[in-house]
Amino acid sequence: MVEIHLIGLVREFSDGTKIGPIELNIRDGELLTFLGPSGSGKTTTLRMIAGFIEADEGSLLFDRQDMINIPPRERNIGMVFQSVALFPNMTVYQNIAFGPEMAKWSHEKTVGRVEELADLLGIRNLLFRKISEISGGEAQRVGLARALAKEPALLLLDEPLSALDPQLRERLQTEIRRIQKKVKITTIYVTHSQDEAFAISDRVAIINDGKIIQVGTPEELYDRPANEFVARFLGSGNVLHGTVKQTEGRELCVDVLGVRLPLKGICEVGDEVKFSIKPEDIRIVIDTHDTSATGTVTSILPQVGSFKITVDFQDTPIIVLTYDEDLVSKLRQNGNKRVSFSFRHNLAVNLID
């Protein structure tokens, strides 16, 4: 295992695209995920860590050793890409054994390592099959075994599951998490999928426009997004703007698009505030006489065990999460009629930049 320190890491390309400066510490033995939209700099940052792309500035420490000028083959890294790129003319066994054999491990040690990984990944029955005879999910397991075969200090996974169907992807997420904890290897994972990142990670680094925006556990990011981009990207917050009209201790009255909303926070009268409210902290009622905050239901999306409802509030979409099947049934019967919404009692808003 190894602890990774990215200190002022920068790469600028000829088209003006700039990654960094990146400042990040990755703890020994943790699984940290780079999460962000396409083109945000996730894979470029990963490839700088691997040594496939040279950094223009900064330091990259593996424990206390600066790896900037160390060739990729000497960094003791295992890597799995979206395209597994197994050797098609070799068997599963030969693919996994390739690294140890190139490193001139003894035959006995190589066989032992291949069998150990095959058991860990549940692919022992595939060892003497040709690559053309295994499925996509099995190929990803073989690719992971091959990356782990030489006992690397660091494992890099670049969108390894994005080409698989949703059910298989979900199953392999669980497998990757189990195996990573079993072998206790420091791991950096790249994905654009929030669900995937939150399912497997100890911590997640949100990346956008070549910079790390926020780092934290999945719970910290969801509950306390640092800014509007994070809140909207994660879908963890409805971002609203308003003006504080009254304060009494932490009790606030905020004017949002002409509607007075009771919130909690520390502000002064006249402050312009931006805040995020989680979808599960909003309540919908069909009776529009109880509150002045009203909107029109524009969509109802069934999810596993819940419903995601979008309400148009003066051209601002409000996302609501509910588990109330009776409410959803009534909303469908009512069509696109107006509804009222309110925030959970004693809600402390998350003020953001």
Side-chain angles (χ1 to χ4, degrees), residues 35 37 194-195 197-198 204 206 208 213-214 216-324 327-328 331 336 338-353:
L35 173 65
Q194 175 194 338
D195 291 343
F198 280 18
V204 177
I206 305 292
N208 190 44
I213 308 301
Q214 186 176 2
T217 66
E219 293 77 16
E220 288 169 345
L221 296 175
Y222 186 80
D223 290 341
R224 296 183 295 280
N227 57 27
E228 184 169 356
F229 169 79
V230 176
R232 293 193 185 282
F233 181 71
L234 296 182
S236 60
N238 295 284
V239 179
L240 298 174
H241 304 246
T243 304
V244 178
K245 295 298 185 182
Q246 290 179 257
T247 67
E248 186 174 338
R250 289 179 54 83
E251 303 290 333
L252 307 177
C253 180
V254 179
D255 183 287
V256 179
L257 297 176
V259 177
R260 300 291 181 94
L261 299 176
L263 304 174
K264 285 185 176 292
I266 300 176
C267 298
E268 296 182 1
V269 172
D271 284 352
E272 298 292 328
V273 295
K274 185 188 298 183
F275 55 95
S276 66
I277 299 177
K278 293 186 291 183
E280 57 267 36
D281 286 331
I282 301 176
R283 303 289 180 263
I284 287 180
V285 292
I286 294 177
D287 184 355
T288 60
H289 297 292
D290 294 338
T291 178
S292 59
T294 63
T296 303
V297 174
T298 58
S299 70
I300 301 174
L301 177 64
Q303 301 184 139
V304 178
S306 65
F307 298 88
K308 179 180 177 181
I309 301 172
T310 303
V311 177
D312 180 6
F313 174 49
Q314 299 189 38
D315 295 326
T316 298
I318 302 292
I319 306 300
V320 182
L321 189 67
T322 183
Y323 305 92
D324 189 339
L327 170 64
V328 170
L331 290 173
N336 290 334
R338 296 186 71 78
V339 296
S340 297
F341 64 89
S342 60
F343 303 147
R344 178 172 56 80
H345 183 60
N346 291 327
L347 175 66
V349 301
N350 181 52
L351 298 176
I352 60 177
D353 295 330

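These numbers come from a predicted model, not from an experiment.
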Using the salt bridge (Lys or Arg N to Asp or Glu O under 4.0 Å) criterion, which residues pair with Asp312? Sequence neighbours excluded.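 For Asp312, no residue satisfies salt bridge (Lys or Arg N to Asp or Glu O under 4.0 Å) once neighbours in sequence are set aside.
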
Hey, does [Y] have a side-chain heavy atom less than 4.5 Å from the side chain of [X]?
X      : Y      : answer
Asn238 : Phe313 : no
Leu240 : Ile318 : yes
Val320 : Phe341 : no
Asn208 : Val230 : no
Lys278 : Asp223 : yes

Please report the shortest heavy-atom distance between [X] and [Y], naming the atom on each side.
X      : Y      : value
Gly242 : Val256 : CA-CG2, 4.2 Å
Cys267 : Leu252 : SG-CD1, 4.1 Å
Val239 : Ala231 : CG2-CB, 3.7 Å

Nearest 0.5 Å, please: how far is [atom2] in [Y] from [atom1] in [X]?
X      : Y      : atom1 : atom2 : value
Arg283 : Ser340 : CZ    : OG    : 15.0 Å
Glu272 : Asp255 : CD    : CG    : 9.0 Å
Leu321 : Asp281 : CG    : CG    : 10.0 Å
Ile277 : Ile319 : CD1   : CD1   : 13.0 Å

Report the C-alpha distance between Tyr222 and Phe198 in whole Å, list the side-chain angles of each, state the deciding distance to 0.1 Å, and finish with yes or no for ring pair (Phe, Tyr, Trp, His ring centres under 6.0 Å). CA-CA 10 Å; Tyr222 186 80; Phe198 280 18; 7.0 Å; no

Could you tell me which residues satisfy ring pair (Phe, Tyr, Trp, His ring centres under 6.0 Å) with Phe229, sequence neighbours excluded, listed by chain and number?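 Phe233.
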
Side-chain donor-acceptor pairs of residues 300-310 under 3.5 Å, sequence neighbours excluded:
{"from": "Gln303", "atom 1": "NE2", "to": "Ser306", "atom 2": "OG", "distance (Å)": "3.4"}
{"from": "Thr310", "atom 1": "OG1", "to": "Ser299", "atom 2": "OG", "distance (Å)": "3.2"}

Between [X] and [Y], is there a donor-acceptor pair closer than 3.5 Å when you use the side chain of the first and the backbone of the second?
X      : Y      : value
Glu251 : Glu248 : no
Gln214 : Asn227 : no
Gln194 : Leu234 : yes

What verdict does the side-chain contact (heavy atoms from CB on, under 4.5 Å) test give for Ile284 and Leu327, after you've listed the backbone C-alpha separation in whole Å, the side-chain angles of each residue and the deciding distance to 0.1 Å? CA-CA 8 Å; Ile284 287 180; Leu327 170 64; 4.2 Å; yes

